[in-house]
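In what follows, chains carry the letters A, B, and so on, assigned in the order in which the sequence lines appear, proteins first and then strands, with residues in each chain numbered from 1.
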Amino acid sequence: MRLGLCCLFINEPVSFRTTTAKALSALDRDDQLHKLSCICHDNARNLCLALEAAQRLGIGAFRIMSPLFPRMTHPDVGYSLGDLPDGDAIIHLFGAIRSFAVQHDIRLSFHPDQFVVLSSPHSTVVANSIQELEYQSQLAEAVGADVINIHGGGVYGDKSAALQRLSRVVSALPESVRSRLTLENDDTSYTVRDLLPVCQQLSIPLVYDVHHHRCNPDGLSVEEATRLAGETWRRVGREQYCHLSSPKAGWGSGNPKPHADYIDLADVPECWRGREMTVDVEAKAKERAVVRLMEYLGRERT
DNA sequence: GCATGTCAAGTTGTG
DNA sequence: CACAACTTGACATGC
């Protein structure tokens, strides 16, 4: 089991910067690009630091923050890598990141946020989503990330119609996006059972989030969901990817959806132990939670 | 300096 | 019907 960290560290000196469209809009274009260039360059350097820290801690995967290049697809202040004064230096850093990740076998992924909705009935929402996916696939290509993971999106009162729209949009995506795209079961709308047919039909792997499955069950057992999702990965010859978290308020009462600081060992499925797979740890205590889980699992084995 | 409100985008579910 | 949750800062502003 390869354990992964999501986006941030709490104890390591790694931080990512961002900016807002509003702040940028007060500047003229040259100043905008200068500011963005500094931020992107900084973020690329911090991504190097992140991978070095991950390697040192024995973390085997890292999810890269969506706004690594903030506001890149914004209609007013958007830009491309070539527009940035430090573009060449950034490309150089990306090459270094890529080879470091390969050398130390750190798997990289992207997880666009909730605004990427391919099942939407609104064509502008879908068009913006595709543009965002193209941006992320460009970065993914540059740093060697093999996964861009998204949710099914909204239901709009008719799940099968929404799934049909999703299928149609996914099958028409550019190859640079499609070859990395994965679908994940969520905690309100789309379950493993809902997404499996789409994934099977389009040869898109399914990221199995066991916490979402427990919050939003579909009749499949954890073992069945793990196996069925695993087949979508085997079919494309890639290592299975799963997500894991523990409920902040426990399973007993209240809302189990918010994530706890650490992973409760009891929430790690029995059938995952010793299995060849990547597991992103979604926990508030970030790298400390990953390290603690590694220690738990290691201790358990002896 | 430090605290606080704000930030592109979508959808669902709750109060 | 309005607003928080998702997930979470970091930045900009104002004291």
Whole-Å gap separating C1' (C:dA10) and CG (A:N43): 11 Å
Atom pair distance, as rounded to whole Å: CD in A:Q114 and C1' in C:dA4: 12 Å
Pairwise P distance, B:dA8 and C:dT13 [rounded to whole Å]: 12 Å
A:K22 NZ to C:dT13 P, straight-line distance once rounded to whole Å: 8 Å
Heavy-atom contact window of chain A on DNA chain B, given 5' to 3' at under 4.0 Å: B:dC7 to B:dT12
Distance (rounded to the nearest 0.5 Å) between A:H34 NE2 and A:L84 CG: 11.5 Å
Under 3.5 Å side-chain donor-acceptor pair for A:E132 and A:Q136: yes
Protein-nucleotide distance (A:E184, atom CD; C:dC6, atom P), rounded to Å: 15 Å
Length of the line joining A:N46:CG and C:dG9:C1', which is rounded to integer Å: 14 Å
C:dT7 versus B:dT14 - spacing of their P atoms, nearest Å: 16 Å
Salt-bridge contact A:E12-A:K286 (side-chain N to carboxylate O under 4.0 Å): no
Whole-Å distance separating the CG atom of A:D186 from the P atom of C:dA5: 18 Å
Residue pairs, two or more places apart or on separate chains, that pass salt bridge (Lys or Arg N to Asp or Glu O under 4.0 Å) and touch residues 187-207 of chain A: A:K159-A:D194
Between C:dC11 (P) and A:L24 (CG): distance, integer Å: 12 Å
A:M65 CE - C:dC11 P separation (whole Å): 11 Å
Atom P, compared across B:dT6 and C:dA4: separation rounded to whole Å: 12 Å
Sugar-phosphate, base or nothing in reach of A:V155, heavy atoms under 4.0 Å: sugar-phosphate
First of A:L8 and A:R17 reached from the 5' end of DNA chain C, by closest nucleotide: A:L8
Common cluster, A:V77/A:L139, ILVMFWY with side-chain heavy-atom separation under 4.5 Å: yes
Phosphate OP1/OP2 of C:dT8: any A:K286 side-chain N/O under 4.0 Å: yes
Distance (rounded to the nearest 0.5 Å) between A:F62 CZ and A:D280 CG: 10.0 Å
Same apolar cluster (I L V M F W Y, side chains within < 4.5 Å links), A:I90/A:I39: no
Upstream residue (5' side of DNA chain C) when A:I10 and A:T19 are each assigned their closest nucleotide: A:I10
Same apolar cluster (I L V M F W Y, side chains within < 4.5 Å links), A:Y190/A:V117: no
Derivation of the salt bridge (Lys or Arg N to Asp or Glu O under 4.0 Å) call for A:R235 and A:E231: CA-CA 6 Å; A:R235 197 166 144 197; A:E231 276 170 19; over 6 Å; no
Involving DNA chain C, stems made of at least three consecutive Watson-Crick or G-U pairs, both distances under 3.5 Å: B:1-7 with C:9-15, B:10-15 with C:1-6
Sugar-phosphate only, base, or nothing, as touched by A:S120 at under 4.0 Å among non-hydrogen atoms: sugar-phosphate
Geometric cation-pi criterion A:R107 and A:Y241, 6.0 Å radius, 45° cone: no
Interatomic distance at P, C:dC3 relative to B:dC7, whole Å: 15 Å
